[in-house]
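First the structure, in the form of C-alpha cells, and then the observations on it.
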2 protein chains.
Amino acid sequence: MTMPTIDELNLLHANICQALGDPKRIQILYALFESPLHVTALADTLITPQPTISRHLRILRQRGLVTPHRDGAAVVYYLADERMIHILDSMRGVLRDSLARQSSMMA
Amino acid sequence: MTMPTIDELNLLHANICQALGDPKRIQILYALFESPLHVTALADTLITPQPTISRHLRILRQRGLVTPHRDGAAVVYYLADERMIHILDSMRGVLRDSLARQSSMMA
DNA sequence: AGTATGTATTCGGATAAGCGAATACATGAA
DNA sequence: TTCATGTATTCGCTTATCCGAATACATACT
C-alpha cells in the first residue's frame with residue numbers, strides 16, 4: 001500500500017469529480033441513497049435505457065462511488081459511502097448561494 | 001429570479017462537478033485558497049503556460065467558483081466561496097477511505 | 001501615439017465522453 | 001440443455017474537452 005503522491009491524489013480526486021460531472025450520474029447517486037436498486041429498477045426509475053445506466057454505473061463503480069452486489073440474476077447497486085451525498089448536498093448549498101449572488105448582481 | 005427546476009439544478013450541479021474534474025483546476029482552487037493570485041503568478045506557481053491557466057480560470061469563473069478583480073493591468077483571482085475547499089477536503093477524506101477499502105480487499 | 005506588461009481568445013489537431021442500437025454474457029428455472 | 005430474464009459490452013457516430021502555439025485585447029506608463 002504505497003502512499004499516493006500529491007499529484008496522484010489530485011488526479012484521483014479529479015477523476016471522482018469528473019464522475020460526478022454528469023446529471024444522470026448524480027441522479028443515480030441520489031436514487032441509490034434513497035434505496036439500493038438493481039439496474040433495471042434504476043433504468044425504470046430514471047426513464048433511461050438499461051445500457052446507458054450500466055455504462056454510468058461502471059464509471060461510478062470504477063471510481064468507488066457505488067458497490068454492486070449480486071442477487072440471483074440481478075445486480076443490486078449500493079451507494080458506497082453516504083458521506084458522498086452529504087458532500088453533494090453541501091455543493092448544492094454553495095451553488096444556491098452562487099445563484100443568489102448572481103441574481104442580486106442583476107438588481 | 002425564477003427557481004430552477006430539479007433537472008436544471010442537477011445540470012448546474014453536474015457542471016460544477018465537471019469543472020472540478022480536472023487536476024489542474026483543483027490545483028488552482030487550492031492555490032487561490034492559500035492566497036489570491038493574479039494570472040501570471042498562478043502560471044508561475046503551477047508551472048503552466050499562461051493561456052492554459054486563463055482557459056481553466058474561465059471555466060471556473062463561468063461556474064462561479066472563482067472571482068476576478070482587476071488590479072491595474074493584472075487580474076487577481078479569488079476563491080469565490082471557501083466552503084468549496086472544505087467540500088473538496090471532505091471528498092479527499094472519502095477518497096482516502098475508499099482507497100483503504102480497496103487495499104484491504106487485496107490482503 | 002507608442003511601448004511594455006498582463007490577460008484572454010482563437011485555431012488546429014489529438015483524445016476522450018456521450019448516446020442509441022445491437023449483441024454478448026450471466027444467472028436461474030423448466 | 002433450452003429458455004427467459006437481467007446485466008454488461010461493443011460498434012459507429014457525434015460532440016465535447018484538452019493542449020500548444022499564435023494572436024488579439026486591455027491597461028499603464030512615457
Side-chain angles (χ1 to χ4, degrees), chain A residues 7-8 10-29 31-32 35-80, chain B residues 7-8 10-29 31-32 35-80:
Chain A
D7 283 348
E8 287 169 346
N10 261 341
L11 183 55
L12 291 170
H13 194 165
N15 281 339
I16 287 185
C17 289
Q18 190 205 29
L20 299 172
D22 181 286
K24 202 76 77 179
R25 291 199 284 266
I26 290 184
Q27 274 191 289
I28 291 176
L29 292 179
L32 295 184
S35 89
L37 292 171
H38 61 270
V39 180
T40 302
L42 257 177
D44 291 346
T45 302
L46 305 186
I47 314 178
T48 302
Q50 173 269 317
T52 297
I53 294 293
S54 274
R55 266 179 287 133
H56 283 307
L57 284 172
R58 179 174 46 177
I59 303 288
L60 295 172
R61 195 190 336 124
Q62 288 169 337
R63 264 72 162 188
L65 296 171
V66 300
T67 308
H69 283 286
R70 263 221 171 271
D71 177 25
V75 177
V76 179
Y77 276 85
Y78 292 75
L79 200 59
Chain B
D7 283 348
E8 287 169 344
N10 261 340
L11 183 56
L12 292 170
H13 193 164
N15 281 339
I16 287 184
C17 289
Q18 190 205 29
L20 300 172
D22 181 285
K24 201 76 76 179
R25 290 198 285 266
I26 289 183
Q27 273 191 289
I28 290 176
L29 293 180
L32 295 184
S35 89
L37 291 171
H38 61 271
V39 180
T40 302
L42 256 177
D44 291 346
T45 301
L46 304 186
I47 315 178
T48 302
Q50 173 269 318
T52 298
I53 294 292
S54 274
R55 265 177 291 144
H56 283 307
L57 284 172
R58 178 175 48 178
I59 303 289
L60 295 171
R61 195 190 336 125
Q62 287 170 337
R63 264 73 161 188
L65 296 172
V66 301
T67 308
H69 283 286
R70 263 220 171 273
D71 177 24
V75 177
V76 179
Y77 276 86
Y78 292 75
L79 200 58

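Values in this document were obtained by computation on a predicted structure and should not be read as measured data. Chain naming here is simple, since letters A, B, ... match the order of the sequence lines and numbering starts at 1 in each.
- In this structure, B:D22 places its CG atom 5 Å from P of D:dC18, rounding to the nearest Å.
- For residues 40-63 of chain A, no pair satisfies ring pair (Phe, Tyr, Trp, His ring centres under 6.0 Å), with sequence neighbours left out.
- Between B:A80 and B:G64, the closest heavy-atom pair is CB-O, 3.3 Å.
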Can you list, pair by pair, the side-chain donor-acceptor contacts under 3.5 Å of residues 38-49 of chain A, counting residues two or more places apart and other chains?
residue: A:T45; atom: OG1; partner: A:A41; partner atom: O; Å: 2.8
residue: A:T48; atom: OG1; partner: A:K24; partner atom: NZ; Å: 3.3
residue: A:T48; atom: OG1; partner: A:L46; partner atom: O; Å: 2.8

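- Once rounded to the nearest 0.5 Å, the distance linking CG of A:D22 with SG of B:C17 reads 10.5 Å.
- With a heavy-atom cut-off of 4.0 Å to chain A, the contacted part of DNA chain C has its first and last nucleotide at C:dA17 to C:dG28.
- Of the residues in residues 60-72 of chain B, none lies under 4.0 Å from DNA chain C by heavy-atom distance.
- With sequence neighbours left out, A:R70 forms a side-chain hydrogen bond (donor to acceptor under 3.5 Å, both in side chains) with no residue at all.
- Within the structure, a side-chain polar atom (N or O) of B:H56 is placed less than 4.0 Å from OP1 or OP2 of D:dC19.
- A heavy-atom distance below 4.0 Å to DNA chain D is reached by these residues of residues 37-54 of chain B, ordered by number: B:P49, B:P51, B:T52.
- Note: A:I16 CD1 to A:L20 CG = 7.5 Å, rounded to the nearest 0.5 Å.
- Put simply, CG on A:L37 and CG on A:L79 are 11.0 Å apart, with the number rounded to the nearest 0.5 Å.
- Partners of B:N10 by side-chain hydrogen bond (donor to acceptor under 3.5 Å, both in side chains), not counting sequence neighbours, listed by chain and number: A:R92.
- Residues passing the side-chain hydrogen bond (donor to acceptor under 3.5 Å, both in side chains) test with A:E8, sequence neighbours excluded: none.
- For the side-chain hydrogen bond (donor to acceptor under 3.5 Å, both in side chains) condition, the pairs that include at least one residue of residues 58-67 of chain A, sequence neighbours left out, are A:Q18-A:R63, A:R61-A:Y77.
- Contacts between residues 11-20 of chain B and DNA chain C, counted as heavy-atom distances below 4.0 Å, involve no residue at all.
- The nearest pair of heavy atoms linking B:L11 to A:P23 is CD1-CG, 3.7 Å.
- Taken from OG1 in A:T52 to CG in A:L57, the straight-line distance is 11.0 Å, to the nearest 0.5 Å.
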